[in-house]
Structure formats: C-alpha cells, structure tokens
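Here is how names work: the chains are called A, B, and so on, in the same order as the sequence lines, proteins then strands, and each is numbered from 1.
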2 protein chains.
Amino acid sequence: MPKPAIAPLIDIADLKVSCSKCSLSALCLPYGLNREELDHLEQTLIHKPTLRANEALYFAGDDYRGLCAVRSGSFKTVLTTPDGAEQITGFYLPGELLGLDGLGQDKYRCSAIALETASVCEIRKEEFKTICSRIPNLQEQILRLMGNNFSQDQERLLSMGQLKGEERIATFLISMGQRLRARGFSSTRFNLTMSRHDLANYLGLAVETLSRMLSHLQERKLIAVNRRSIEILEEERIRKLAHLECRHG
Amino acid sequence: MPKPAIAPLIDIADLKVSCSKCSLSALCLPYGLNREELDHLEQTLIHKPTLRANEALYFAGDDYRGLCAVRSGSFKTVLTTPDGAEQITGFYLPGELLGLDGLGQDKYRCSAIALETASVCEIRKEEFKTICSRIPNLQEQILRLMGNNFSQDQERLLSMGQLKGEERIATFLISMGQRLRARGFSSTRFNLTMSRHDLANYLGLAVETLSRMLSHLQERKLIAVNRRSIEILEEERIRKLAHLECRHG
DNA sequence: CGGCTTTTTGAACCCCATCAATATCCGTGG
DNA sequence: CCACGGATATTGATGGGGTTCAAAAAGCCG
C-alpha cells in the first residue's frame, strides 16, 4: 500500500483535552476557573476513548481510579445485590460527575454503563489531591458537583418513599427536562436515551406499570410519547403531579 | 448568696475541642492524621453547643455554613416537598458527616434534627478550603466520608426500588448493627433512637406496616423487639432476608 | 420477509396503605 | 403514689395501586 497522502483519520490534536473550547464549561469542572487554572486542569484531565452503547466505563468492584466528567452521551450507574438483583442508581448527562461511589472504599460500588456513544474526561485519583491544592476554585466546583449529586439522590429517596408511580414519572420528566435545558436543549421535547426497562428499574416500577402509566398520561393529553421520544404538553399539570406546585390545585 | 467555692458547673477546658482524646478518631475526621495535622484540625473545628431531642442543627433553606461531624447522639435529616410531605433521608451516628446537602446550592436542602441529646463539631465553610490545602490527609478523609455517605444513599435506593417491606427492615437492622459495631457497640442488641414514625418514613412504609412486620419477625423468633430495644436473634436469616447472603437459601 | 428485542395491553392476585380502634408508655400534676 | 391525658405503638379489617403472568403488537436488523 502506498503511503497515504491524506491526514490520519484521527487527529491527535482533537484528542487533546480542551476545556476552554468545551461547551460544557458552564456546568462542568471548568466553571469559575481563570485562564491559568484552566490550563492546569487541561493538563491533568485524561480524555478517555469513546465508549459505545452498553460498554462499561467501570465495573462494580473495580479499584477506584478517579472521577469522570461526562463529555458527551449519557450513562447509567447500576448497583447489584449479591443475589443478582439490579438497581439503576442514576442517569448521567454531559457535565455531570461519575465515580463518586468509589471514594468511600477505594472501589467502585456500581457499574457505569454507556447508554449510547459517549465519552468522558477523567481526573485520576493520584492527580486529584495535587490539582485541588493548586486550583482551589476547582475544589469548590467539584464539591458543588458532588453536592448536587448528593441532593439528587436524596430527592430520589423522597420520590421513592412518598410518591405513587405516576407521580414519580412526572418527577422524572420534569427533572430530565430541567437538566436538558441547562445544556441548551428543550425542556419539553426530548428523546430518552434509556430503555423502558432501565427507566422502570430506575423509578422502582415494573416495566408494564411504567408503560401503562405513560399511555395513561398520553390519553389525558398531558404528554405525547412515542417509543423514546417525549413531549411534555401540559407542563403545569405534570409539575403538579410531581408535587412541585402546591397552588391552583 | 455567698460566692461559691466550688468549680463552675461547666469547665471551659471541656468545651475546647480535642480530637486527640475523642473516641471517634478512627471513624471521624482525624482518621489518618498525624500529631501536627491534628493540632491544626482542632484549632479549626468549632464544638457547637449541645442539642436536645427534636432541636435542629440546621433547617432546609438555611444558608450553608459548613459540615458537621456528629460527636455524640444521633440525628435525622428530613427533606420536605412544597406541599408538606416529608421524607427522612438519613440517620446519622457519631463520626458521620452532616451537611453535604448544602454543598450543591450553598443552602441546606434538608433539615437536620437531633433524635436525642447530641453534639457536633463543625468545620465552617470559610475554613474548609484552607484547612484542606494545609492538611491533605484531611481532604482524603473527608472524601472518604462523603463517598460512604453517597454509597449509603445508593444502597437505600436499591432497597427502596427492589425490596419488599420486610426485606427493607432486615436491611436496616443489619446496617444499623454494622454501624454500631464500628463504634464499639453490639451489632445485635441495641436501642433505636428514632420513633416508629421516623423509621417507617425512612423505610418508605406506613407506621402500621412497620409495626406489623416487626411483630411478625418477632413471632418467627428472628428478632426480639420491645418498643425501641432491638435484639437480632437469627442474624443469618435476617441477612438472608436482606438479600445479603445468597447461599444456604 | 423472518427472527429478535422492545413495548404495549389484558387479567388475576398480592402487598401494603388506609381507616378505625385498642393498648402501652410517659410525663405531669394532683 | 396514683390518676390522668397525650403521644406512641400495636392490632384488625378493607380496598387499591402495582406486580406478576401471559400474550399480542410494534419496531429493529439482517
């Protein structure tokens, strides 16, 4: 074969992390950092290879390697019981932080699985301490992301403990809309990246129940749903279902 | 009244924080710190006044002030919906970290309420950054405590999503036993510090269901329960109920 | 088109919430 | 010390929300 004259298919320059050009900087680690701090950060982050749907970023039981910020695509984290039952503990969108479950015992407790083609930026644990001390603002931002993660889990506990199935679905739809809007997408029209099975598991429902309830919401013209595409038609009423509005009831 | 010759009732020296003398150092913030680091830490921690049962350490909506390590007694954290429904998101024992829910939005999202006479050591947020950079080992330990907190929430999500009421109760009993054992108490005989109402809410059950199921576990001689005193009689079988053992089934 | 997965729909049952009543504990004051 | 009242906890009966089993429908990909 003749030596190719064309550029290589993968441009090394593109693989280099560039937080300053990343559209997520307002949500992700770089938030609040100045130029110099950004340079530091970019030198420390590892841009890991792209994952395809159903590939794992890490498995439960793996040694903790570091935290990962989702760069593109989406993930689920799955916790498994000794007897094989699985619980999806979260869905992760670009700019959100994966790997916190590894901090406590120095081993990941869940598996992180890509729901679609996805990529992440990693801060390895060895670098973490040094970069935090060199960039105090980064530490602040990481704490903020951790805190949000934490709050989200607590809201889910509330959802699981207090709400009926349909109310949990409403909560999920509103919450997903808000997270998408923060990323520049519509908060009322979007495509889910997870299967019904995954979503039902996440919500603590049977697949059949989820499907039935989505149909029911559609019959009442509160949402339009077709496979994985969702449109929220009556946001007010969905919010009320989710117990997010207490007036006009 | 004559000037008292006896010592004042409250010895100022006792109010001063002394991590080095605290029995929790193996679980709490001081873990892994050397003598010098401990001195730094002690200078930064604020030993807050004792709280009595049902008093709040902070309320949902309060500005984030800092993290608190439980020193004695126990707490619950409560998340409230706009329409007044409450969910207890966690119980906290000595050495555990309160206040993480304030990190994300710089406001506490839940209220932290003492279940009995209790006290905490506080790291104010202003001090947090500086002390972390001065004591790298402390940062590591705080991350570990955060990670444990996080893992615990995820396990609860699994419990709420996958397990039946009785199985959730079993999970709670085993988990509480383990936490108490780590603090030097029996893992099979202990007194609960929370009411049935609080525990039922925490587990996502009705009070009546919880009471019934505790009675049922007692009838089957798996536990002995009297009001708030608990004895686990058949730990193996309780663990199996909690899906923590998959063999010998 | 044919085989697979994913999703939806249908019917029966069960766990658990709810309503209602009783029992027990605990602090207060007579 | 005991009597009283309120909070806390247990027990009983009924009904509903959601699971489970079963099967059909719809999408996906070769």
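- Salt-bridge check for Glu166(A) with Arg220(A): passed, with a basic side-chain N closer than 4.0 Å to an acidic carboxylate O.
- In this structure, CG of Asn201(B) is placed 14 Å from P of dT8(D), rounded to the nearest angstrom.
- Whole-Å rounding puts the Ile223(B) CD1 to dT10(D) P distance at 10 Å.
- In this structure, Leu199(A) atom CG and dT7(C) atom P are separated by 10 Å, rounded to whole Å.
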Next on the checklist: For nucleotides 17-25 of chain D, give me one character per nucleotide, 5' to 3': B if any protein heavy atom sits under 4.0 Å from the base, S if the only such contacts are to the sugar-phosphate, - if neither.
Outcome noted: SSBBB----
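- Counting heavy-atom neighbours within 6.0 Å of Arg228(B) CZ, excluding the residue itself, gives a total above 12.
- Although no hydrogens or angles enter the test, the distance criterion places a donor-acceptor pair under 3.5 Å between the side chain of Arg156(A) and the main chain of Tyr202(A).
- In this structure, Gln162(B) contributes its side chain and Glu86(A) its backbone to a donor-acceptor pair below 3.5 Å.
- Without hydrogens or angle criteria, Gln218(A) side chain to Val225(A) main chain gives a donor-acceptor distance under 3.5 Å.
- Leu241(B) places its CG atom 14 Å from the P atom of dC15(C), with the value rounded to the nearest Å.
- Residue Ser215(B) is in sugar-phosphate contact alone, with no base atom involved, counting any heavy-atom pair closer than 4.0 Å across all strands shown.
- For the pair Glu219(A) CD and dT9(C) P, the interatomic distance rounds to 8 Å; values are reported in whole Å.
- Geometric assessment of Arg179(A) against the ring of Phe190(A) yields a negative cation-pi assignment under the 6.0 Å and 45° thresholds.
- For the OP1/OP2 pair of dT10(D) and a distance below 4.0 Å, the side-chain nitrogens and oxygens of Arg227(B) include no atom meeting the criterion.
- Taking atom CD1 of residue Ile169(B) and atom P of nucleotide dC15(C), one finds them 14 Å apart after rounding to whole Å.
- Classification of Arg183(B) and Glu96(B) as a salt-bridged pair holds, one side-chain N sitting under 4.0 Å from a carboxylate O.
- No donor-acceptor pair closer than 3.5 Å links the side chain of Ser159(A) to the backbone N or O of Glu155(A).
- In this structure, the CD atom of Glu167(A) is 14 Å from the C1' atom of dG16(D), given to the nearest Å.
- Taken over five-pair windows at either terminus, the axes of the helix from dC1(C)-dG30(D) to dG30(C)-dC1(D) are inclined to one another by 40° (rounded to 10 degrees).
- Distance, His197(B) NE2 to dT10(D) C1': 16 Å, rounded to whole Å.
- Partner of Tyr64(A) under the ring pair (Phe, Tyr, Trp, His ring centres under 6.0 Å) criterion, chosen from Tyr58(A), Tyr108(A), Phe59(A): Tyr108(A).
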